[in-house]
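This report refers to the structure that appears directly beneath it.
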Amino acid sequence: MSLLRLDEVHTFIGQYHILEGVSLDVPAGDIVALLGRNGAGKTTTLKTILGLTPARKGTVQLDGQDITLRRSFDIANMGIGYVPEHRAIFADLSVEENLRIAERNKGDLAEREELIFGLFPDLKRLIRLPGTNLSGGQQQMLAVARALVPDNRLLLIDEPSEGLAPVIIEQMMEAITRLSEHSTVLLVEQNFIVAGRLAQHYVIIEEGKSVKAGSMADLVDDDETIKRYLGAA
Amino acid sequence: MTTVRDGTTLQSSVRRWLHHRRGLLIATGLMVLFPFVVSLVVDGQGISAVFANDEGNARFLQGLAIEIFILALYALSYDLILGVTGLLSFGHAMFFAVGAYTFGIMLKTAELAWPTALLVVLAVAILQALLFGVVLPRVKGIAFALITLGIASMFWIVIQSSDLSDYAGAEIGLQGIPAPARFLDSTNERFVFYLITLAILVMVYMLYTRIADSPLGKVANAIRDNEDRALMLGFNTFWFKLVVLVIASITAALAGTIHTIHQPIVTPNVASLGYTVTALLVILIGGVGTISGAIVGAAVFRLLQYYLDRWFGGSSDLLIGAAYVLLVLYLPYGIVGTWRVKRLQIADGRKRLAALFRS
Amino acid sequence: MSDVILETRNLTREFGALVAVDDVSVSIEAGSLHSIIGPNGAGKTTFFNLVSGTLRPTSGRVFFKGDDITQLPVHRTIHRGIGRSFQITNLFPNLTVLENVRLAAQAMGGDSLRFFRSHRRFSRYIERAMDVLEQVGLTDKAAQLAGTLPHGDQRKLELGMILAPDPEVLMLDEPTAGMASEQVPELMHLVQSIQESGDKTVVLVEHNMNVVMSVSDRITVMHQGALLAQGSPAEISADERVQTAYLGELYKDRQGDR
Amino acid sequence: MTTATSSPARRRSDWFKENRNRFTTLAILVFLLLAAMSGVERDDWFSTIMQGLSVGAITFLVASGLSLIFGLMDVLNLAHGELFMLGAYVGWTVYTRFDTVVDILVPLLILSAPFTLLPLWRRLAAAIGSTPLGRRWAGLGLLAAGATTTFVSVTRFPLVIWDPGNFAMSPSNFSVQIDLGTLAPLPPDTFGWPAVIAILATLLGGSLLALGFNVLRSQIDERTVVTRKHLLGFGVLIVTAIVLLAVKEPLNEWVFGLSTTWRFFLAMVVSVAVGSAAGALIEVALIRPLYDRPIYQLMMTLGVGFILIELVREVWGRPEFTMSRPAAFNGTGPGCPGEGLGGFFSGCSTLEAFGSRLRVYNEGFVILAGIVVLIGVTLLLKRTRIGMIIRAGVQDPEMVEALGINVRRVFTMVFALGSGLAAFGGVLAAPSIGLGTGMGAVFLLSAIVALAIGGLTSFPGAAAGAVLVGLLQQIIIRYGQSGINLPFLDEPFKPSPTLVPAAAILLMIVVLLVLPAGLFGRSER
């Protein structure tokens with residue numbers, strides 16, 4: 001049973017035609033990695049799912065329900081958490097406020113405090129600090145933690161390893177593995193090593209089109225595909 | 001799209017020019033004939049009545065047309081700044097008012113001859129554009145709009161303050177401005193003045209279409225579309241914006257000068273934010289960035305204003321405001337802009353129709 | 001050894017506490033194809049911005065043909081002969097494809113401030129633009145609005161806009177980003193032919209390892225803002241540090257399998 | 001362009017270095033103000049400062065809303081001054097002519113009652129068919145029918161007897177003139193039709209309008225059902241309207257029997273409510289469709305401002321009104337003026353403190369109200385969830401939306417809040433500066449200047465800027481009386497009062513040139 005399903009989605013940003021037909025399936029409970037070169041349209045795909053850059057053609061279905069034309073907040077409230085590419089930590093808000101603003105129901109944060117601070121003990125120490133004073137790694141942790149505050153069944157995570165030191169990447173991968181026990185994850189990742197270790201499935205996007213999908217185990221041994229679409233390795 | 005430099009003769013290039021400009025030429029011709037037609041048809045007077053400057057519809061409508069020409073000149077200059085270059089200035093009324101006041105004061109208080117006064121206007125116009133230019137490299141977008149609004153508001157406040165009442169006439173404005181010359185006299189030589197303003201408008205319009213098509217105009221378009229990229233192509237965008245401001249300032253000041261001659265009264269109103277909004281409204285009606293839209297818009301706006309005022313009196317401003325809001329919401333490309341978009345569609349449809357018949 | 005055309009000395013740029021580019025000294029030889037690689041966030045784009053004058057360095061200098069161009073504004077570096085493309089498509093979306101390139105060509109001439117002649121009279125720019133469009137393969141789309149082009153064509157147009165002014169150094173920031181894999185070799189071939197035929201220097205930021213390894217004369221590896229390694233493709237692919245930091249553990253394992 | 005990806009942890013020394021320009025500018029400004037003050041005679045300085053703070057407080061009320069709106073949605077609301085003006089006119093009407101409020105409220109309540117049954121209209125709209133063109137024409141037709149019905153029926157309510165000219169009269173003057181027969185408004189029973197028909201027709205008009213708007217909405221939403229909550233809202237509106245209609249006379253008498261202080265309080269409440277409602281309406285109907293066209297948004301607010309002025313002219317006419325100060329601040333006679341700061345509570349119109357004579361209303365109450373609003377809004381921003389959302393939204397509305405928060409609704413609320421604050425400013429200013437259709441433009445200009453100085457998106461910046469502008473203006477006025485000795489003039493230069501705003505603008509231009517983001521604004525992200 002797929003939790004999320006995109007069917008021939010086309011998205012425009014202003015005049016630019018960014019997505020030119022993206023189809024993908026995210027099976028419930030799994031981690032799916034969205035791969036492709038810079039500028040291929042991976043981030044836009046995530047934004048289109050959330051309705052931040054609404055699709056002009058095609059459909060987006062969550063759990064069998066058509067959400068293509070819904071407003072973003074409505075879609076998010078159906079249980080989607082979003083960790084954007086550049087973290088989008090609210091600089092004027094403290095760490096605690098950054099978490100609290102994600103509450104959908106009063107008490108969400110209290111309920112999940114254990115999980116969040118278990119994954120990222122650093123955040124507990126920094127709870128009163130304004131978001132602007134965090135380091136890159138801490139911001140990334142906070143961004144993931146923020147998506148965990150409400151009860152989300154699907155997490156959209158955009159480039160969690162970008163610009164992080166290797167030690168922190170390890171910690172982040174650990175966290176994503178653990179949180180995938182609670183929810184399904186759609187992951188955008190440039191670092192193929194990270195993606196290969198985390199995900200069970202992959203979808204490759206190129207020039208705004210989804211061109212290949214399958215099981216990650218197969219991809220890791222498929223040098224031809226890696227060379228052709230991802231360039232690295 | 002490439003131009004071919006072939007051995008065209010002078011004759012054929014003139015013919016091509018005439019063909020290319022036929023719309024403008026016809027419109028100009030019609031406007032020259034317009035007073036005679038009105039005089040003959042509406043007033044039942046002869047052609048000589050127009051030359052004799054007789055009272056009647058012909059004379060009145062000439063006055064209205066001159067007002068439209070002035071407004072069109074003023075709106076043209078705003079379209080160059082906002083429509084072609086994409087600079088949102090909220091101080092454009094000042095460009096007009098500076099011309100109007102300077103010319104009036106030069107004639108009335110300084111008692112200069114009109115060519116000298118005109119030179120002074122030119123100098124002041126360039127100077128004020130440079131003043132706006134000082135802020136150009138520092139601020140963009142909304143901050144630029146605010147600073148221009150600020151500068152123009154200061155001018156508006158100063159011009160109607162009692163400290164300068166000897167020169168600018170405070171709140172009442174500048175009155176009793178003498179006619180600069182026999183042929184520059186809207187009261188006694190209306191038809192001549194009508195022709196002069198018409199000629200000026202046609203010339204400025206042709207200049208503006210040239211500017212929009214020139215290398216400079218193309219860079220201005222680029223600045224409007226993506227200023228950072230223009231800079232990174234190697235254009236020092238500051239100079240281009242400055243040149244555009246200077247040209248627009250001179251044009252607006254010229255419009256102000258004609259206004260002074262036509263009305264012989266200049267009130268502080270022409271320096272107010274409301275008058276900038278008028279320019280905005282005119283190019284919105286006509287179509288932002290279309291050049292010819294400024295003239296179409298000026299005609300529609302002035303006639304609308306005149307007739308609404310006649311029919312609804314005090315409520316006319318409310319109706320104009322409502323029209324403005326509807327325009328912003330539903331007709332963002334204006335008359336000329338929408339026509340240009342639709343024209344392609346119409347041509348498209350015609351082609352499809354022709355293809356249908358052929359098959 | 002040929003002459004050094006572009007050189008940075010101890011270039012550093014800080015954003016607050018973050019050191020985006022950390023003491024980077026690179027010499028680029030005239031006529032070479034020099035690639036800069038590194039993982040996301042390694043500071044490649046910031047480095048480009050510093051060299052092209054979009055950003056000012058916190059310390060360090062940039063030299064072009066021996067002249068210090070560190071403080072030159074961006075529009076001046078272009079006139080010196082440094083063309084630079086962008087990772088994120090950055091065009092004039094509401095102007096035609098031809099006009100985009102024509103403007104780029106016009107920027108080099110001195111007639112841009114002329115306002116009394118039609119731009120069509122300056123036919124050399126149009127001719128140049130058409131030549132460039134033919135080079136990048138966009139001739140048949142010349143009249144289209146740039147914003148409506150498909151992504152791959154926009155990348156080509158971006159390249160065209162760099163070529164039009166005929167610069168000595170082309171700095172290309174991921175020119176193949178988002179392109180279909182079939183188009184990548186074609187574009188890289190184009191880049192290579194430009195470099196070889198026109199005696200131009202190309203500085204390339206690229207993710208596609210295969211491409212980089214096959215076309216580059218020299219490679220600079222950046223990691224977390226700092227210079228990690230420099231050398232020929234063979235040297236780089238043999239360098240242990242590069243493999244661990246950039247290509248990752250997994251890559252090493254797989255190499256071992258082979 | 002992408003530069004560095006993360007926003008850095010700043011060290012203290014960096015912070016100081018980055019803000020050096022800011023501190024220097026602030027220091028120079030303070031120094032200039034002090035230098036200017038030193039030229040003023042000693043007895044005057046306290047009252048000059050207080051007057052400056054008073055003007056600053058009113059400016060702040062306009063600027064604060066402007067700042068909130070601009071910060072959150074990047075709309076520079078050029079109609080804000082006119083909302084200020086509207087607040088003043090509405091407040092004045094409640095204060096002096098409460099009877100008109102009831103007369104207007106009755107049809108308004110009936111008209112808006114159908115809008116509470118939103119789900120019903122949505123369902124009906126969904127049933128109407130789905131071709132876009134057909135829906136468009138159907139919607140426009142329904143709107144036209146609704147507008148006509150409403151227009152005809154609304155004029156059957158007693159509000160028609162309120163000719164704009166009548167507004168200028170005091171209630172007593174009005175009744176005297178009616179008694180004398182010099183004024184002959186249509187008697188209230190010229191309902192034309194029985195009241196029931198008028199009410200029903202208005203309901204119909206409202207229903208047609210509500211349906212029309214929902215037909216025009218692009219999204220078809222069939223999920224909603226009419227619940228008891230909707231029916232309750234509908235009932236409350238209708239019953240209130242009918243009760244108001246029934247108790248109109250005694251209610252009016254009761255209100256006119258209240259002291260002017262209470263009526264002033266009532267005026268503040270009503271005008272804030274009307275201002276907020278007008279703001280919300282403008283945002284939803286006119287600003288929202290233009291979110292992807294920022295320049296047109298700016299043009300739109302400009303147009304809305306002009307329309308508001310013309311509307312006020314239509315309703316209230318062109319004469320300028322004055323408004324008396326409420327009784328609590330208007331005492332004279334024995335015991336007045338009050339002594340020291342305690343004189344604030346003496347009920348006198350003036351008090352003596354620090355060798356200056358102050359007006360209790362202008363230099364006391366207004367400043368106090370400004371401080372209360374400053375503290376209130378600051379608390380709202382810092383302590384409440386909605387404040388948290390606003391602060392987050394200023395930085396990144398998209399991310400806030402992605403967290404499941406309806407940002408558009410927050411936008412509307414902030415627009416309403418800002419408009420309400422402006423209206424509050426209007427009603428506060430009315431007793432000291434009077435009413436006129438030009439008042440909005442004057443304070444909008446001051447507010448924009450204050451904002452530009454303080455930093456467009458900074459709320460504390462709005463307060464600081466407003467105070468600076470207020471002080472500067474009062475100091476210039478004071479110099480206008482005593483004159484400034486300029487080196488190149490023989491006589492002291494006495495700037496006329498009309499020049500006062502120009503000084504503040506000059507300050508703005510200088511500050512913007514030095515600090516394009518203003519004193520407290522964040523430079524480009």
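Convention: sequence-line order gives letters A, B, ...; per-chain numbering from 1. For clarity, every value in this text was computed on a predicted model and none was experimentally measured.
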Least distance between heavy atoms, D:Ala402 atom then A:Ala76 atom: O-CB, 3.2 Å
Starting from the C-alpha separation in whole Å, work towards a yes-or-no answer on side-chain contact (heavy atoms from CB on, under 4.5 Å) for A:Asp92 and D:Val394. CA-CA 9 Å; A:Asp92 282 354; D:Val394 165; 5.8 Å; no
Please round to the nearest 0.5 Å and tell me the distance separating atom CZ of A:Arg100 and atom CZ of D:Arg385. 9.5 Å
Sort D:Arg391 into side chain, backbone, both or neither according to what part of it lies under 4.5 angstrom from a heavy atom of chain A. both
Quick one: pull up CG in D:Leu403 and OH in A:Tyr82 and give me the separation to the nearest 0.5 Å. 11.0 Å
Is there a donor-acceptor contact under 3.5 Å from the side chain of D:Gln395 to the main chain of A:Ala88? no
Please indicate whether A:Arg104 has more than 12 foreign heavy atoms, meaning atoms of other residues, nucleotides or ligands, lying under 6.0 Å from its CZ. yes
Top contributor to chain A interface from D:Asn406, D:Ile405, D:Ile389, D:Val400 [non-hydrogen pairs under 4.5 Å]: D:Asn406
Carefully, step by step, assess D:Met399 and A:Phe90 under the rule side-chain contact (heavy atoms from CB on, under 4.5 Å). CA-CA 9 Å; D:Met399 189 61 222; A:Phe90 302 117; 3.8 Å; yes
Can you name the ring pair (Phe, Tyr, Trp, His ring centres under 6.0 Å) partners of A:Phe120, sequence neighbours left out? none
Among all residues two or more places apart in sequence or in another chain, which pass the ring pair (Phe, Tyr, Trp, His ring centres under 6.0 Å) test with D:Phe60? D:Phe459
Can you pull out every salt bridge (charged side-chain N to carboxylate O under 4.0 Å, His left out) where at least one residue sits in residues 125-135 of chain A? Sequence neighbours excluded, please. A:Glu96-A:Arg128, A:Asp122-A:Arg125
Checking heavy atoms, do the side chain of A:Ile75, its backbone, both or neither come under 4.5 Å from chain D? neither
Which atoms of A:Gln140 approach chain D - backbone, side chain, both or neither, heavy atom under 4.5 Å: neither
Give me the contact list for residues 146-158 of chain A versus chain D, heavy atoms only, anything under 4.5 Å, ordered by residue number. A:Arg146
Which atoms of A:Leu50 are under 4.5 Å from chain D, going by heavy atoms: the side chain, the backbone, both sets, or neither? side chain
